[in-house]
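Just follow the structure's listing: the first ligand is 1, and inside any ligand the first atom is 1. What you see is a predicted model; the values in this text were computed from it and never measured.
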Amino acid sequence: MEFWFKEAQTKDLALEVRVTDILHLQQTPYQKLAVIETVEYGRMLILDGAIQCTERDEFLYHEMITHVPLFVHPNPQRVCVIGGGDGGTVREILKHPSVEEIKHVEIDGAVVEASKKFLPTLSCGLDDPRVEILITDGIKYLENTKGYFDVIIIDSTDPVGPAVGLFSAEFYGYAFKALREDGVICAQTESPFANTKLLLKSWNNMRVHFPHVGVTIGYMPTYPTGFWSYTIGSKKVELKANRQVNLSGKYFTKSVMDKAFDLPPFIKDLLNNGQ
Ligand code: SAM
């Protein structure tokens with residue numbers, strides 16, 4: 001007998017994968033959490049029916065959401081991650097020798113625990129002495145932080161439940177104040193095809209506060225449409241590499257960084273004309 005997991009990515013589009021084992025199922029105070037074993041993508045973390053990461057393709061997302069903003073910053077030392085309970089974002093940030101501390105603010109401790117147990121290739125950096133995990137709401141945390149961070153990364157779930165506010169102008173205002181004077185912010189902003197309005201809204205909301213705002217794009221096979229966006233804001237420095245790009249990943253390279261903000265015309269049109 002075969003078992004399949006199907007994610008309805010939009011009301012008219014689905015991704016289906018064959019499952020060989022259900023490793024964990026839990027209702028947390030915030031969401032329904034599952035870790036499953038699949039043939040095509042290895043282990044998968046699922047929250048409220050939405051794929052968060054898979055062992056096989058997670059590097060595409062985690063390398064883009066971290067290395068692009070970290071190379072825009074001239075000397076990142078203090079980094080904040082909001083969300084990202086699987087640990088993939090923290091793992092990539094730790095590859096930057098200038099980083100002295102990471103405050104990892106995740107609302108749901110159960111995601112961190114499940115990732116430590118079932119997703120060791122993602123969560124392997126969470127016990128590093130430079131990392132402090134804070135189980136609390138990232139919105140309240142940044143509202144109460146002033147002038148501390150060099151880079152803030154918003155590695156959130158889709159805009160539902162406690163993540164809705166993470167895409168708002170008010171929240172980007174808190175992030176602006178929580179950054180030092182040459183601070184940089186990066187937020188995952190969904191699929192330009194499946195969630196065009198959300199990308200446009202986040203881009204406009206970030207521009208309310210940040211003088212420099214750009215979008216970078218990448219592949220992400222298990223997210224809706226396989227094509228993903230990251231919106232990056234800077235308080236002072238230009239959106240380009242502001243130090244030597246001396247790190248290569250499985251996807252991220254110096255040439256990816258050089259072209260990171262060079263967008264295809266249809267995305268430029270969307271951002272400039274709202275269509
Ligand atoms: N890469 C994934 C994606 O784009 O779908 C996101 C991965 S990560 C598991 C997302 C995390 O954001 C979840 O663990 C969720 O609990 C957390 N989260 C949602 N809202 C939050 C908030 N307000 N503060 C802190 N963490 C939050």
Top protein contact for [atom], by heavy-atom distance:
atom	value
atom 19 (C) of ligand 1	T157 OG1, 3.3 Å
atom 12 (O) of ligand 1	G83 CA, 3.4 Å
atom 21 (C) of ligand 1	L166 CD1, 3.7 Å

Ligand 1 and [X], any nitrogen or oxygen pair closer than 3.5 angstrom?
X	answer
W228	no
I107	yes
E106	yes
Y61	yes
Y223	yes
V111	no
D155	yes

Can you list the atoms of ligand 1 that are under 4.0 Å from a heavy atom of [X]?
X	value
D137	22 (C), 23 (N), 24 (N)
V105	25 (C), 26 (N)
G138	22 (C), 24 (N), 25 (C)
L47	13 (C), 14 (O)
D108	16 (O)
Q52	1 (N), 2 (C), 3 (C), 5 (O), 6 (C), 7 (C), 8 (S), 9 (C), 10 (C)
Q188	4 (O)
D86	7 (C), 8 (S), 9 (C)

Exercise. How about P74 and R243: do any of their side-chain heavy atoms sit closer than 4.5 Å?
Worked result: no
Can a donor-acceptor pair be found between the side chains of [X] and [Y] at a distance below 3.5 Å?
X	Y	answer
N242	K240	yes
D86	Q52	no
D155	Y61	yes
S229	T189	yes
Y148	E101	yes
Q188	W228	yes
T89	T66	no

Exercise. Hey, do the aromatic rings of F193 and F266 have their centres closer than 6.0 Å?
Worked result: yes
Problem set entry | Other residues, nucleotides, ligands: >12 heavy atoms within 6.0 Å of Q26 CD |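 Yes, enclosed.
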Exercise. Quick one: does ligand 1 sit under 4.0 Å from the side chain of A163, the backbone, both or neither, non-hydrogen atoms only?
Worked result: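 Both backbone and side chain.
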Problem set entry | Sub-4.0 Å heavy-atom contact, Q31 with ligand 1 |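 Heavy atoms of Q31 do come under 4.0 Å of ligand 1.
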Problem set entry | contact_flag G84 ligand 1 heavy-atom lt 4.0 Å |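 Under 4.0 Å: yes for G84.
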Exercise. Any ring-ring contact (aromatic ring centres under 6.0 Å, His included) pairs touching residues 5-49, not counting sequence neighbours?
Worked result: H24-F118
For this session: Output every pair passing ring-ring contact (aromatic ring centres under 6.0 Å, His included) with a member in residues 76-106, not counting sequence neighbours, ordered by first then second residue.
Result: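 Non-adjacent pairs meeting ring-ring contact (aromatic ring centres under 6.0 Å, His included): H67-H96, F71-H96.
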Problem set entry | Ring geometry between Y219 and Y251 (parallel below 30°, tilted from 30 to 60°, perpendicular above 60°) |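 Geometry flag for Y219 against Y251: perpendicular rings.
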